Protein chains: 2
Amino acid sequence: MTETRPTPKFEEDEGAGYLRAVGLRPTQQRLALAGLLFSGEDRHVTAESLYEEATAQGVRVSLATVYNTLNQFKDAGLLREVVVHAGKSYFDTKTESHHHLYDEDSGKIEDVHLEVDEEQVRRKVEVPSGKRIAGVDIVVRLREHKG
Amino acid sequence: MTETRPTPKFEEDEGAGYLRAVGLRPTQQRLALAGLLFSGEDRHVTAESLYEEATAQGVRVSLATVYNTLNQFKDAGLLREVVVHAGKSYFDTKTESHHHLYDEDSGKIEDVHLEVDEEQVRRKVEVPSGKRIAGVDIVVRLREHKG
DNA sequence: GTAACTGCAAAACTTTTGCAACCAG
DNA sequence: CTGGTTGCAAAAGTTTTGCAGTTAC
């Protein structure tokens with residue numbers, strides 16, 4: 001790998017291999033959605049927002065397939081789910097450890113890097129036997145100053 | 001503060017004042033639900049779980065009213081919402097700063113006390129003008145060890 | 001008495017699912 | 001070909017809402 005520029009995780013002409021590598025058949029819809037998700041900057045999407053984006057670009061895909069695809073990508077480790085609102089699922093293309101800023105008024109999510117002592121968390125928390133810590137999520141909630 | 005015994009926030013015979021203090025008319029349903037929520041230990045409920053509990057005790061209340069009441073209590077500051085799952089709203093009777101352990105398999109929530117340097121968070125985060133940090137929530141997710 | 005509140009059912013949303021048609025290999 | 005995928009519509013699950021009737025004060 002020649003790391004001279006921000007390497008996109010996904011290349012239009014080799015998307016098929018990218019999906020096969022995680023056990024997913026590279027279908028038209030998956031390739032198109034992966035292209036939207038992984039070709040550029042890291043991003044946060046909802047099923048609805050990705051569906052609208054795909055549709056706007058002329059990609060023929062159903063909302064149900066977007067939901068299914070997002071969940072498949074999540075299970076394959078290509079996406080992370082971000083839980084910030086009880087009524088909506090957000091997905092983040094950045095899978096490395098980081099945390100989130102959530103604007104409760106607009107619904108916008110941004111990444112924030114906080115040094116969390118995961119070791120401190122592991123020491124503080126009594127993990128029941130048979131269980132493991134699947135993740136530590138921090139959400140910083142923003143609201144308008146006036147109520 | 002004389003903290004010699006676990007002071008219930010809510011006393012059956014003075015629940016009315018407790019609700020009036022936050023601007024809510026003490027109706028039968030609100031008194032009954034407040035009794036369930038605030039008479040004993042701190043607890044975590046969903047609308048559904050509280051509705052079932054109330055119904056089991058013979059309290060006549062509708063699910064819609066439980067939803068409305070939980071949201072009114074939240075707005076009044078008597079409850080905190082805990083967002084751990086995109087498809088369900090949880091409410092916590094403990095309103096002081098603390099964090100949560102969430103078992104993704106069973107859906108159970110427990111409190112966990114982590115010393116988070118809120119000041120560090122405030123320094124790290126660029127708060128847009130007109131916005132304030134409404135809260136910093138940490139969720140430690142537990143899953144079964146085998147996948 | 002009257003405004004606030006409740007109950008019910010319906011509506012609104014988000015997400016999942018069943019199944020016939022379709023497509024990748 | 002053949003099984004994995006997709007699309008559609010329907011179903012499922014949670015939460016909100018409209019409105020007539022009830023209740024607190």
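Everything quoted here is computed from the prediction, not taken from an experiment. Proteins come first, then strands; the chains are lettered A, B, ... in the order of their sequence lines, and each starts at number 1.
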Atom of [X], atom of [Y] and distance for their closest heavy-atom approach:
| X | Y | answer |
| --- | --- | --- |
| A:P26 | A:A16 | CB-CA, 3.7 Å |
| B:T95 | B:R80 | O-CD, 3.8 Å |
| B:R30 | B:R25 | NH1-O, 2.9 Å |
| B:E48 | B:L63 | OE1-CD2, 3.9 Å |

Flag the pair [X] / [Y] as yes when at least one side-chain heavy-atom distance between them is below 4.5 Å, and no otherwise.
| X | Y | answer |
| --- | --- | --- |
| B:K124 | A:V140 | no |
| B:T55 | B:E52 | no |
| B:L78 | B:V22 | yes |
| B:E110 | A:E126 | no |
| A:H44 | A:D111 | yes |

Looking at B:E81 and A:R141, does any basic side-chain N land under 4.0 Å from a carboxylate oxygen?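 No, this pair does not count.
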Name the one of A:T69, A:L50, A:D42 that satisfies side chain to side chain contact (heavy atoms under 4.5 Å, CB included) with A:L37? A:L50
Between A:H100 and A:D137: side-chain donor-acceptor atoms closer than 3.5 Å: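 Not at all, the side chains of A:H100 and A:D137 share no donor-acceptor pair under 3.5 Å.
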With a non-hydrogen cut-off below 4.0 angstrom, is B:T46 in contact with a base, only sugar-phosphate, or nothing? nothing
Scan nucleotides 19-25 of chain D nucleotide by nucleotide, 5' to 3', and note B when protein non-hydrogen atoms come under 4.0 Å of the base, S if they reach only the sugar-phosphate, - if neither. ----BBS
Describe, in one word, how the ring planes of A:F38 and A:F73 are oriented to each other, choosing from parallel (under 30°), tilted (30 to 60°) and perpendicular (over 60°). tilted
Can you say whether the rings of A:H85 and A:Y102 are parallel (under 30°), tilted (30 to 60°) or perpendicular (over 60°)? tilted
With 3.5 Å as the limit, what N/O pairs link the protein to nucleotides 16-19 of chain C?
unit_1 : atom_1 : unit_2 : atom_2 : d
C:dT16 : OP2    : A:N71  : ND2    : 3.1

If I take atom OH in residue A:Y90 and atom P in nucleotide C:dT14, what distance separates them, rounded to the nearest angstrom? 10 Å
Which angle, to the nearest 10 degrees, lies between the helix axes at the two ends of the helix from C:dG1-D:dC25 to C:dG25-D:dC1, each defined by five pairs? 30°
Can you list the residues that meet the side chain to side chain contact (heavy atoms under 4.5 Å, CB included) rule with B:V127, with sequence neighbours excluded?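 Counting only residues at least two positions away or on another chain, B:V127 forms a side chain to side chain contact (heavy atoms under 4.5 Å, CB included) with A:L142, B:V125, B:K131, B:I133.
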If you take any heavy atom closer than 4.0 Å to DNA chain C, which residues from residues 76-84 of chain A end up in contact?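 Nucleic-acid contacts, sorted: none.
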Does anything in residues 48-61 of chain A come within less than 4.0 Å of DNA chain D? Heavy atoms only, and list the residues if so.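 Residues of residues 48-61 of chain A under 4.0 Å from DNA chain D: A:R60, A:V61.
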